Amino acid sequence: QVQLVESGGGLVQAGGSLRLSCAASGRTFSSYAMGWFRRAPGKEREFVAARTRSGANTYYADSVKGRFTISRDNAKNTVYLQMNSLKPEDTAVYYCAAGLLNDYSNYVTAYGSYDYWGQGTQVTVSS
């Protein structure tokens, strides 16, 4: 069992930055691929970024590539999402997720691949 707690959301102006954190419980954090997803009002949950369990591979949605960076610290059981050059369309509830995926899985961008989810943190970007 893994429990995930996100933090770091808030209100920011367009062009600003935020850093989300997701702290995981348990001693098997390094066994899990970690992902970030988001759900904007009236929209489906969508993939944002993922990092494989070893940290060797990262994946990004096209909409955030070059602006967002996912990182993980296995010693601290924490995954981060650094968000720069934020846009109003980035406004959403952001969720972190953990999944038992190997480093070469083809499914790291699919939310159905993840077993555990945090409660979400609101990010609002004003224009």
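We number each residue from 1, following the sequence as shown. These values consider heavy atoms only, across backbone and side chains, with no hydrogens, waters or symmetry-generated copies. Computed from a predicted structure; not experimentally measured.
For S17, the side chain to side chain contact (heavy atoms under 4.5 Å, CB included) partners are Q82, N84, not counting sequence neighbours. By the side chain to side chain contact (heavy atoms under 4.5 Å, CB included) test, T124 pairs with L11, T91, Q122, sequence neighbours left out. In this structure V123 satisfies the side chain to side chain contact (heavy atoms under 4.5 Å, CB included) test together with L18, L20, M83, Y94, V125, sequence neighbours excluded. The side chain to side chain contact (heavy atoms under 4.5 Å, CB included) check on Q119 picks up V5, E6, with sequence neighbours excluded.
Y114 and G99 make their closest contact through CD2-N, 3.5 Å (heavy atoms, listed as atom of the first residue, atom of the second, distance). Annotation for Y32 and Y116: closest pair OH-CE1, 3.7 Å, computed over non-hydrogen atoms.
Relative to the six-membered ring of F29, R72 meets both conditions, a distance below 6.0 Å and an angle of at most 45° to the axis.
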Pairs under 3.5 angstrom only: tabulate donor-acceptor contacts from the side chains of residues 40-49 to other protein residues two or more places apart or in another chain.
unit_1, atom_1, unit_2, atom_2, d
E46, OE2, R38, NE, 2.6
E46, OE2, R38, NH2, 3.1

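With ring centers used as reference points, W117 lies under 6.0 Å from F37.
For R67 (side chain) and S85 (main-chain N/O), a donor-acceptor pair under 3.5 Å exists by modelled atom type. A donor-acceptor distance shorter than 3.5 angstrom exists from the side chain of N57 to the backbone of D103, with no hydrogens or angles considered.
Within 6.0 Å of atom CD in Q3, 12 or fewer heavy atoms from other residues, nucleotides or ligands are found, so the atom counts as exposed in its surroundings. Within 6.0 Å of OH in Y111 there are 12 or fewer heavy atoms belonging to other residues, nucleotides or ligands.
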Next item on the list: Check step by step if side-chain contact (heavy atoms from CB on, under 4.5 Å) holds for T121 and Y95.
Entry: CA-CA 7 Å; T121 186; Y95 301 88; over 6 Å; no
Note to self: Set out, in order, the CA-CA distance, both residues' side-chain angles and the distance that settles side-chain contact (heavy atoms from CB on, under 4.5 Å) for M34 and L4, then state yes or no.
What the structure shows: CA-CA 10 Å; M34 298 300 297; L4 304 172; 4.0 Å; yes
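Of the inter-residue distances, the one linking S63 atom OG with D90 atom CG reads 7.0 Å to the nearest 0.5 angstrom.
Within the structure, every pair that satisfies the salt bridge (charged side-chain N to carboxylate O under 4.0 Å, His left out) test and touches residues 53-64, not counting sequence neighbours, is listed here: D62-K65.
For D73 and T78, the side-chain atoms include no donor-acceptor pair closer than 3.5 Å.
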